[in-house]
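The structure appears right after this line, and notes come after that.
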Amino acid sequence: MATVDGISPTLHALEVEGPLSGVMSALAVLPETQKSRRFWYRVRTRLASLARLGTFLLCIWVAGTADGPLDVVAGVLAAVLGFVLWFRRLLPNPFHAVGHPGDELNRRPELVLRVLRRLKADLAPDAPVRLRFRPDPRPQGPGSSFYEMKFTRKPPPDVLDPWLLLETRLMDGAHLRLSAVERRRNKVSTRGRRKKTKEYDTLFLDALLRVKAKRHPQLAALPEDQAREAVRLPPGAALQRLRISGERLRLRIRVEEGWLPHVPKDAAGEGATAPDASRAVIMMLLSLYQMLHLARMPPAPVAVPKPSRRRGKSRRRRSG
């Protein structure tokens, strides 16, 4: 699994550190920037495809109008260029899934904003918030509504997109580190002689809570099965990994494809069954604190069964 430290500033990532109000203000102005960035990306993609097509047509025109050896040279050039363009499908071949949640500009920013609003009451008064965040998915990458059509025998390797790193200090002194990584896995399906590749996106949310060992001396001795029973997650989310040490609690969950930042209670249609990512994050944090509560509780005394006493049968004396 890729780490969130792989977020590159050159991939339009937002890096901000300061009070909670400043971080939320920076997130609020992202949609307009995202809209402009997506528009110019579509313009560059279409211009590049037209340029390749124009070069190919120009070579054909030169081959048809020139005389002499130049005709042969241009013909060979056109044939080679045509083969190259055919091999690359001549035009961009991404498939756009209309209605995919990845088309929403506020999908990732709204998730972060909702989590910060929920954490507002639990943050330390002067605790800074450190955020590294990429609001847009990579082109044809995990979380994107564009898929590359490929027909290969072997599935391509998984693509990982780390896009969130959030760090802050809570009111009880614990240090919280929340990260998100999205994965696109390719699977090859065989239908007769034809093999088709299909992509599946999965969101991994990772919460790391660092506490003081002297305040939780029994945390390292907490049984893993008991800690797993304390994990509560919404529909569409599943436990991926749980690690417990003397000072750290780490929980990683897996959220199914098509997640939304928030699902209202009265939602209808496909939105009603979509995984609620903000609810999954909050329930992750509640599960971590439930583990701390279990570690502070004294172990229940083991009931020792009392030995059963068998009473002998009383003999009745018969009076004469």
Side-chain angles (χ1 to χ4, degrees), residues 1-5 7 14-24 26-27 108 111-133 162-181 203-234 237-255 261-262 276-299:
M1 182 65 64
T3 61
V4 290
D5 297 333
I7 298 178
L14 172 67
E15 295 191 18
V16 60
E17 182 174 359
L20 179 63
S21 58
V23 174
M24 297 182 69
L27 289 171
R108 290 180 176 181
L111 171 60
V112 181
L113 281 172
R114 286 186 172 273
V115 172
L116 289 177
R117 292 193 193 106
R118 296 286 186 92
L119 291 176
K120 185 177 181 180
D122 299 322
L123 294 182
D126 300 329
V129 178
R130 178 173 176 258
L131 177 67
R132 297 178 65 189
F133 173 62
W163 54 270
L164 173 64
L165 174 61
L166 174 64
E167 292 181 300
T168 187
R169 183 168 51 88
L170 303 180
M171 192 173 295
D172 60 353
H175 184 270
L176 174 64
R177 185 176 187 266
L178 180 66
S179 61
V181 177
L203 173 65
F204 294 93
L205 296 170
D206 192 288
L208 174 63
L209 192 66
R210 190 168 68 246
V211 298
K212 295 181 180 180
K214 61 181 180 180
R215 296 186 61 181
H216 304 276
Q218 303 298 328
L219 180 59
L222 181 65
E224 185 176 350
D225 55 350
Q226 189 177 359
R228 287 180 175 270
E229 292 178 0
V231 178
R232 295 291 183 269
L233 297 173
L239 177 63
Q240 179 76 11
R241 180 179 297 176
L242 175 62
R243 294 290 185 269
I244 302 176
S245 62
E247 297 180 349
R248 296 186 177 187
L249 281 170
R250 186 172 184 179
L251 181 63
R252 178 183 294 172
I253 66 172
R254 180 181 67 253
V255 183
H262 174 64
D276 191 335
S278 61
R279 186 184 175 194
V281 173
I282 300 304
M283 295 186 71
M284 282 176 65
L285 302 180
L286 293 176
S287 300
L288 292 177
Y289 272 92
Q290 180 64 18
M291 297 177 198
L292 294 178
H293 175 69
L294 293 176
R296 286 194 298 264
M297 294 178 60

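Among all heavy-atom pairs drawn from A238 and L233, the shortest one is C-CD1, 3.7 Å. What you find for G18 and V23 is that their closest heavy atoms are O-CG2, 4.1 Å. Considering all non-hydrogen atoms of both residues, A277 and L205 come closest at O-CD1, 4.3 Å. Nearest heavy atoms, R252 versus F204: CD-CD2, 4.4 Å.
The side chain to side chain donor-acceptor pair (under 3.5 Å) check on D172 picks up Y289, with sequence neighbours excluded. Contacts of S278 classified as side chain to side chain contact (heavy atoms under 4.5 Å, CB included), with partners at least two apart in sequence or in another chain: L111, R114, H262, D276. Applying the side chain to side chain contact (heavy atoms under 4.5 Å, CB included) criterion to M283, with sequence neighbours excluded, gives R232, P234, R279. Here A230 pairs with Q290, M291, L294 under the side chain to side chain contact (heavy atoms under 4.5 Å, CB included) rule; sequence neighbours left out. Qualifying salt bridge (Lys or Arg N to Asp or Glu O under 4.0 Å) partners for R250, counting only residues two or more places apart in sequence or in other chains: D206. Residues passing the side chain to side chain donor-acceptor pair (under 3.5 Å) test with T168, sequence neighbours excluded: none. For E247, the side chain to side chain contact (heavy atoms under 4.5 Å, CB included) criterion is met by A213, not counting sequence neighbours. With sequence neighbours left out, R254 forms a side chain to side chain donor-acceptor pair (under 3.5 Å) with Q240.
Within the 4.5 Å cutoff, side-chain heavy atoms of R130 are placed close to those of L165. With a 4.5 Å cut-off on side-chain heavy atoms, V211 and L249 do not count as touching. Using a 4.5 Å heavy-atom cutoff, the side chains of L285 and L178 are not in contact. Looking at L131 and L116, their side chains never come closer than 4.5 Å, going by heavy atoms from C-beta outward. In this structure, L292 and H216 have side chains that are in contact, with non-hydrogen atoms separated by less than 4.5 Å.
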Please lay out, stage by stage, how L119 and V129 fare under the test side-chain contact (heavy atoms from CB on, under 4.5 Å). CA-CA 11 Å; L119 291 176; V129 178; over 6 Å; no
Which is it for L239 and L251 under the side-chain contact (heavy atoms from CB on, under 4.5 Å) test, yes or no, and what are the steps along the way? CA-CA 8 Å; L239 177 63; L251 181 63; 3.0 Å; yes
L123 vs L170, side-chain contact (heavy atoms from CB on, under 4.5 Å): CA-CA, chis, key distance, verdict: CA-CA 4 Å; L123 294 182; L170 303 180; 3.8 Å; yes
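Counting only residues at least two apart or in different chains, salt bridge (charged side-chain N to carboxylate O under 4.0 Å, His left out) contacts with residues 212-223 are absent. A salt bridge (charged side-chain N to carboxylate O under 4.0 Å, His left out) check over residues 117-128, counting only residues at least two apart or in different chains, returns nothing.
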Could you pull out all donor-acceptor pairs under 3.5 Å where a side-chain atom in residues 218-228 meets a protein atom, sequence neighbours excluded?
unit_1 : atom_1 : unit_2 : atom_2 : d
E224   : OE2    : R228   : NE     : 3.3
E224   : OE2    : R228   : NH2    : 3.3

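Here the OG atom belonging to S245 is positioned 10.5 Å from the CZ atom belonging to R210, to the nearest 0.5 angstrom. Atom CD1 of residue I253 and atom CG of residue L242 lie 12.5 Å apart, to the nearest 0.5 angstrom. Atom CZ of R243 and atom CZ of R248 lie 13.5 Å apart (nearest 0.5 Å). One distance of note links CG of L27 with CG of L113; it measures 4.5 Å at 0.5 Å rounding.
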